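Pasting a structure below so you can have a look.
Counting convention: from 1, in listed order, for ligands and their atoms alike. This is a predicted model, so every value here is computed, not measured. Counting begins at 1 with the first residue of the sequence.
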Amino acid sequence: MRRAIYPGSFDPVTNGHLDIIQRGCKLFDEIIVAILINPDKTPFFSVAERKEILAQVLKEIEQGGCKVIVDSFEGLLVQYAAERKANAIVRGIRAISDYEYELQMALMNRRLEPSLETVFMMPAEAYSYVSSRLVKEVFHLGGKIEGLVPSLVEQRMRDK
Ligand code: PNS
């Protein structure tokens, strides 16, 4: 049983995140999409809203034989991974600019929990520039975000 944690803010979930989940599904039997509860940040969507949106959009993607679960966590990721008996952490890397931060986190997590591996995955080129931060910025400024996020996310952003 290969279980991975895919941690992040997912505020909001983008098509890039979904692409990574689908790729991760080829490697793992179970992926837990884990939303960080971060009291220091003021998010666009609450954790409960992000959980609900993720659960909805995940119903619409092909997962093969892999089970995808949505959860949230507080505190250290390695501790949460141990509680959930996960073998690996999945993180998406888009460009070389992501690498430095991701490497730092991966090595710190390895120091904290040597048995837990971090697996970096590359999304499709079409999503290599897509981030939740840019999606929110473009949306706030009235730009088109169609194709960058699932249509449900776009709708929920408009509703807000
Ligand atoms: O989507 P994000 O915001 O880039 O995700 C960052 C996340 C959630 C992976 C990272 O902030 C995290 O793991 N936070 C949990 C706290 C923790 O374990 N910190 C030490 C990591 S080296």
Side-chain angles (χ1 to χ4, degrees), residues 2-25 27-28 30-58 61 66 68-140 145 148-150 152-154 156-157 160:
R2 298 256 138 210
R3 179 182 292 128
I5 308 280
Y6 181 35
S9 305
F10 305 102
D11 187 34
V13 58
T14 67
N15 286 341
H17 291 129
L18 296 180
D19 182 272
I20 294 291
I21 293 168
Q22 283 186 297
R23 286 172 201 281
C25 274
L27 302 180
F28 297 98
E30 187 177 299
I31 297 182
I32 302 173
V33 181
I35 304 166
L36 175 69
I37 301 169
N38 187 349
D40 301 334
K41 273 196 189 169
T42 311
F44 186 87
F45 288 116
S46 69
V47 171
E49 286 171 324
R50 279 176 270 165
K51 257 183 158 171
E52 189 234 313
I53 292 170
L54 262 161
Q56 286 289 332
V57 299
L58 284 169
I61 66 166
C66 164
V68 184
I69 293 166
V70 182
D71 194 16
S72 55
F73 74 105
E74 280 179 281
L76 277 181
L77 174 60
V78 291
Q79 214 168 316
Y80 172 73
E83 279 161 25
R84 300 299 305 246
K85 297 190 172 30
N87 317 95
I89 294 168
V90 166
R91 289 287 288 171
I93 290 207
R94 291 159 298 194
I96 198 76
S97 50
D98 284 336
Y99 181 72
E100 217 168 319
Y101 170 61
E102 295 296 335
L103 178 70
Q104 251 186 339
M105 280 206 296
L107 294 180
M108 182 60 82
N109 285 332
R110 183 186 282 168
R111 182 193 164 95
L112 294 170
E113 183 45 71
S115 68
L116 188 67
E117 292 296 338
T118 296
V119 176
F120 290 143
M121 303 200 77
M122 280 75 69
E125 298 93 293
Y127 305 127
S128 59
Y129 60 91
V130 180
S131 69
S132 301
R133 185 183 62 80
L134 274 186
V135 163
K136 282 182 283 194
E137 186 173 319
V138 170
F139 177 80
H140 281 307
I145 56 164
L148 306 180
V149 293
L152 174 74
V153 170
E154 197 181 343
R156 295 293 293 265
M157 287 178 87
K160 274 225 146 182

**OP:** For atom 15 (C) of ligand 1, find the nearest protein heavy atom and state the residue, atom name and distance (0.1 Å precision).
**Re:**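 Here the closest protein heavy atom is Gly75 O, 3.5 Å.
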
**OP:** Let me see the working for Ile93 and Met121 under side-chain contact (heavy atoms from CB on, under 4.5 Å), right down to the final yes or no.
**Re:** CA-CA 6 Å; Ile93 290 207; Met121 303 200 77; over 6 Å; no

Original post:
Counting heavy atoms not belonging to Lys160, are there more than 12 under 6.0 Å from its NZ?
Top reply: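 Counting other residues, nucleotides and ligands, NZ of Lys160 exceeds 12 neighbours.
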
Subject >> CE/Met122: more than 12 non-hydrogen atoms of other groups inside 6.0 Å >> reply: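 Result for CE/Met122: open.
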
Original post:
Can you list the steps and then say if Arg3 with Lys85 is a side-chain contact (heavy atoms from CB on, under 4.5 Å)?
Top reply: CA-CA 7 Å; Arg3 179 182 292 128; Lys85 297 190 172 30; 3.6 Å; yes

**OP:** Return the residue, atom name and 0.1 Å-rounded distance of the protein heavy atom closest to atom 9 (C) of ligand 1.
**Re:**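 Going by distance alone, atom 9 (C) of ligand 1 is nearest to Arg91 NH1, 3.5 Å.
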
**OP:** Please could you name the atoms of ligand 1 that Asn109 approaches to less than 4.0 Å, counting only its heavy atoms?
**Re:**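 Once the distances to Asn109 are compared, the set is 21 (C), 22 (S).
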
Subject >> Residue among Lys136, Arg156, Glu154 satisfying side-chain contact (heavy atoms from CB on, under 4.5 Å) with Pro12 >> reply: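 When side-chain contact (heavy atoms from CB on, under 4.5 Å) is applied between Pro12 and each of Lys136, Arg156, Glu154, only Lys136 qualifies.
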
Original post:
Does the protein put a heavy atom under 4.0 Å from atom 21 (C) of ligand 1?
Top reply: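 Yes.
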
Original post:
Looking at Asp71 and Arg84, does any basic side-chain N land under 4.0 Å from a carboxylate oxygen?
Top reply: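 Judged by the 4.0 Å cut-off on N to carboxylate O distance, Asp71 and Arg84 do form a salt bridge.
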
Original post:
Heavy-atom count around Arg110 CZ within 6.0 Å, excluding the residue itself: above 12?
Top reply: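 Open: at most 12 neighbouring heavy atoms sit under 6.0 Å from CZ of Arg110.
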
**OP:** Do me a favour and list the nearest non-hydrogen protein atom to atom 10 (C) of ligand 1 with residue, atom name and distance?
**Re:**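 Of the protein heavy atoms, Met105 SD, 3.8 Å lies nearest.
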
Subject >> Nearest non-hydrogen protein atom, atom 14 (N) of ligand 1 >> reply: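 The protein heavy atom lying closest is Leu36 CD2, 3.9 Å.
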
Original post:
Considering only protein heavy atoms, which is closest to atom 1 (O) of ligand 1, and at what distance to one decimal place?
Top reply: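 Checked against all protein heavy atoms, atom 1 (O) of ligand 1 sits closest to Ser9 N, 3.0 Å.
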
**OP:** May I ask whether Gln79 places a heavy atom under 4.0 Å from ligand 1?
**Re:**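 It does not, in that no heavy atom of Gln79 comes within the 4.0 Å cut-off of ligand 1.
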
**OP:** Just need the protein heavy atom nearest to atom 19 (N) of ligand 1, so name the residue and atom and give the distance.
**Re:**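 Closest protein heavy atom to atom 19 (N) of ligand 1: Leu76 CD2, 4.1 Å.
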
**OP:** For atom 18 (O) of ligand 1, find the nearest protein heavy atom and state the residue, atom name and distance (0.1 Å precision).
**Re:**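 So the nearest neighbour among protein heavy atoms is Leu77 N, 2.8 Å.
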
**OP:** Look at the rings of Phe44 and Phe139 and say which category their plane angle falls in: under 30° parallel, 30 to 60° tilted, over 60° perpendicular.
**Re:**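 Plane angle over 60°, so perpendicular.
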
Original post:
Looking at Met108, which atoms of ligand 1 are within less than 4.0 Å of one of its heavy atoms?
Top reply: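 Near Met108, the atoms of ligand 1 are 22 (S).
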
